[in-house]
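Since the model is a prediction, treat every value here as computed from it, not as a measurement. In this chain, numbering begins with 1 at the start of the sequence shown.
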Amino acid sequence: MDAVDISRFLTGMTLAVHIIFATIGVGMPLFFAIAEFIGIKKKSDQHIALAQRWSKGYTITVAVGVVTGTIIGLQLSLLWPTFMRIGGHVIALPLFMETFAFFFEAIFLSIYLYTWNRFKNQWIHFLISIPVIIGGMFSALFITSVNSFMNTPAGMVFKDGRMVNVDPIEAMFNASFFVRSFHVVTTAVMTMAFILASIAAFKLLKNKVEKDRQYHQAALKMTMIAGLLFTMLSMLAGDLSAKFLHHEQPEKLAAYEWHFDTESNADLVLFGVLDESTQEVKGAIHIPGALSFLSDSHFDTKVKGLNDFPKDELPPLIVHYFFDLMVTFGIFCFVVSFAYVIAMWVKKLNPHHKVILYATLLTGPAAMLAIEFGWFLTELGRQPWIVRGFLKVQDAATDANGLVFVTMLFAILYFVLLFSATYVLVRMFKNKAAYEDVERIARSRGDF
């Protein structure tokens, strides 16, 4: 492997780890805020306990997310010095604002954690959760802006190998920013919902203590309803993304779908195996006209094929497999959450049947894998560009020696971080039953 390949591998590994904690950072504050809102509104000790326990666990993931996020910033200069020399000043504003948003979130998270039961009016404490939500959301939006600029650069003029006449606002709110931001937020909240639902399902399958079961049933109901809602919003985001790609990055859309020849009434290709030498796809499911419809809401829309683009500007066609996996896991989560909601509404059905619980147990890993595959999909789909149309990856990477050793060190670091975070989270709640927190809250309210 040369320096370019190692740089790509190390960056990909870092992003794959960081996206786990970034997703939690976007979704979790919303859920403990909703739980507290329901708890105050309905005087539900179970929901207050949910908010307290979820926010307590969230602090661990925030700490690890700080480490992996900082590493990403450092690796931009370490691994991609040419990119930072040419365009670092263009993305400086959103990078700074992302850091500011994180500090904003961290400050109010600390206040939120240490002011339980400090206010006579419980709504005051709930209001402190709102800045935490805003900070987490805006942190994701600003870093998405950087990534969006790399896909659809704007707000600058490329002259003599430099980006000059920079308009930082136009660069930050580039053409793909709003579509991608909507997609990032909806999928993050969806994924967090299913992670929490998966934990609740596991506890319901394992725990026979009725008081604990009531707590986990409350968690499951709240997260599965939210999961269904945000899965549908994620599908809408995917539809908007397909239409955007059709107009702005057609080579990316064509690579996703192994669409080689420009044509109207283009088929949507799912699964299959590609023979690149003959451009023949074997074993695929073809949905007639669906790609044209997704591209512009009309079956007769002409979709540009890969054969109409320069060969050296085509994304790697492996992206199709990531697309299939992302969609498959997303649909699985939708089906399970839909089944749960139907079972909850129909009196003769049991939403806590073991089949539904086992399926729900799988939604957490499935949703997180969908996030991972989605990011690999969009990042590989931008190749061979690091800044589309201006700077290629092979020209932006470092030529420094010793990257193999550095990669090994980072791999060890990520293993330690993931293991430590998981171990601490498990130990934090392992020997403390949920109903004990519920009863403690009831005693403090004088209801026990």
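- Donor-acceptor pairing under 3.5 Å is recorded for the side chains of Glu36 and Tyr112.
- No donor-acceptor pair under 3.5 Å is formed between the side chain of Asp296 and the backbone N or O of His298.
- Between Glu105 and Ser139, the side chains place no donor N or O within less than 3.5 Å of an acceptor N or O (distance only, hydrogens not considered).
- Ring-plane geometry between Phe158 and Phe390 is classed as tilted, the angle between the planes lying from 30 to 60 degrees on a 0 to 90 degree scale.
- At most 12 non-hydrogen atoms from other residues, nucleotides or ligands lie less than 6.0 angstrom from CE of Met408.
- A donor-acceptor pair shorter than 3.5 Å cannot be found between the side chains of Tyr414 and Thr68.
- Aromatic ring pairs are classed by plane angle as parallel below 30°, tilted from 30° to 60° and perpendicular above 60°; the pair His125 and Trp116 is tilted.
- Under a 3.5 Å cut-off, the side chain of His216 and the backbone N or O of Leu204 do not form any donor-acceptor pair.
- Just one of Trp375, Phe376, Phe373 meets the side-chain contact (heavy atoms from CB on, under 4.5 Å) condition when paired with Met326; it is Phe373.
- More than 12 heavy atoms of other residues, nucleotides or ligands lie within 6.0 Å of CZ in Phe119, so this atom counts as buried by the packing criterion.
- Aromatic ring pairs are classed by plane angle as parallel below 30°, tilted from 30° to 60° and perpendicular above 60°; the pair Phe419 and Phe415 is parallel.
- For the residue pair Arg53 and Tyr215, a side-chain donor N or O sits within less than 3.5 Å of a side-chain acceptor on the partner.
- By the 6.0 Å contact criterion, CZ on Phe309 is enclosed, its count of non-hydrogen atoms from other residues, nucleotides or ligands being greater than 12.
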